[in-house]
Amino acid sequence: MFTHKSAFSGFSSNDIGKAKEFYGQTLGLKVTEDHGSLTLHITESAKVLIYPKANHTPATYTILNFQVPDIEKAVDELVKSGVRFEHYDYDPIRTDEKGIFRGGGPLIAWFKDPAGNILSVLE
């Protein structure tokens, strides 16, 4: 087994300025910038790197999930901040008018960052 100090996840964005504004102001996360990349400080020990990529292609899967105690409240607050939730209407994913999937498993609602990457809030 290799020896490591820590680990973190990362994903790309085609516009670091827009990403910094979205994650810092719209979502209210602590964001730091270093050498043209961003670090999202999710918790004291959980960090996520956002790096610039000119030929960025948005992920087709959920890259970051935010656990929340009350999904209704979280969705309402994010909508007030300008977040638009995705609406799906195909088997097996059907979301309600707020964009919340209630079809089994945790309640979950998906939205995109400015680069088109898929994020979620889930209860």
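- Partners of Lys30 according to the salt bridge (charged side-chain N to carboxylate O under 4.0 Å, His left out) rule, which considers only residues two or more places apart in sequence or in another chain, do not exist here.
- Grouping Ile, Leu, Val, Met, Phe, Trp and Tyr by side-chain contacts under 4.5 Å, direct or through others, puts Ile93 with Tyr88, Tyr90, Phe101, Ile108, Trp110, Ile118, Leu122.
- Under the side chain to side chain donor-acceptor pair (under 3.5 Å) criterion, Asn65 pairs with Ser120, sequence neighbours left out.
- Atom CZ of Phe8 has 12 or fewer neighbouring heavy atoms from other residues, nucleotides or ligands inside a 6.0 Å radius.
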Considering only distance and modelled atom types, tabulate donor-acceptor pairs under 3.5 Å from the side chains of residues 78-85, sequence neighbours left out.
from  : atom 1 : to    : atom 2 : distance (Å)
Ser81 : OG     : Glu77 : O      : 3.3

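- Asp15 is linked by a salt bridge (charged side-chain N to carboxylate O under 4.0 Å, His left out) to nothing, counting only residues two or more places apart in sequence or in another chain.
- By the salt bridge (charged side-chain N to carboxylate O under 4.0 Å, His left out) test, Asp91 pairs with Arg94, sequence neighbours left out.
- Here the closest non-hydrogen pair linking Thr62 and Leu119 is CG2-C, 4.0 Å.
- The line from CG of Leu64 to CG of Asn117 is 9.5 Å long, rounded to the nearest 0.5 Å.
- Taking every heavy atom of both residues into account, Asn14 and Ala115 meet most closely at OD1-CB, 3.6 Å.
- In this view, Asp96 and Arg102 satisfy the salt bridge (charged side-chain N to carboxylate O under 4.0 Å, His left out) rule, not counting sequence neighbours.
- By the 4.5 Å heavy-atom criterion applied to side chains, Thr95 and Asp89 are not counted as neighbours.
- Here Asp70 pairs with nothing under the side chain to side chain donor-acceptor pair (under 3.5 Å) rule; sequence neighbours left out.
- Taking a 6.0 Å sphere around NZ of Lys98, one finds it holds more than 12 heavy atoms contributed by other residues, nucleotides or ligands.
- A heavy-atom distance below 4.5 Å is not found between the side chains of Ser13 and Pro52.
- Within 6.0 Å of atom CD in Glu72, more than 12 heavy atoms from other residues, nucleotides or ligands are found, so the atom counts as buried in its surroundings.
- In the hydrophobic clustering, where aliphatic and aromatic side chains (Ile, Leu, Val, Met, Phe, Trp, Tyr) are joined below 4.5 Å either directly or transitively, Phe2 stands alone.
- Sequence neighbours left out, the pairs with a member in residues 51-61 that pass side-chain hydrogen bond (donor to acceptor under 3.5 Å, both in side chains) are Ser12-His56.
- Within the structure, side-chain hydrogen bond (donor to acceptor under 3.5 Å, both in side chains) contacts touching residues 38-47 (residues at least two apart or in different chains) are Thr32-His41.
- Closest of all the heavy-atom pairs between His87 and Glu97 is CE1-O, 2.9 Å.
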Side-chain donor-acceptor pairs of residues 17-29 under 3.5 Å, sequence neighbours excluded:
from  : atom 1 : to     : atom 2 : distance (Å)
Lys20 : NZ     : Glu33  : OE1    : 3.1
Tyr23 : OH     : Asp113 : OD2    : 2.8

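- Looking at Val121 and Ile71, their side chains come closer than 4.5 Å, going by heavy atoms from C-beta outward.
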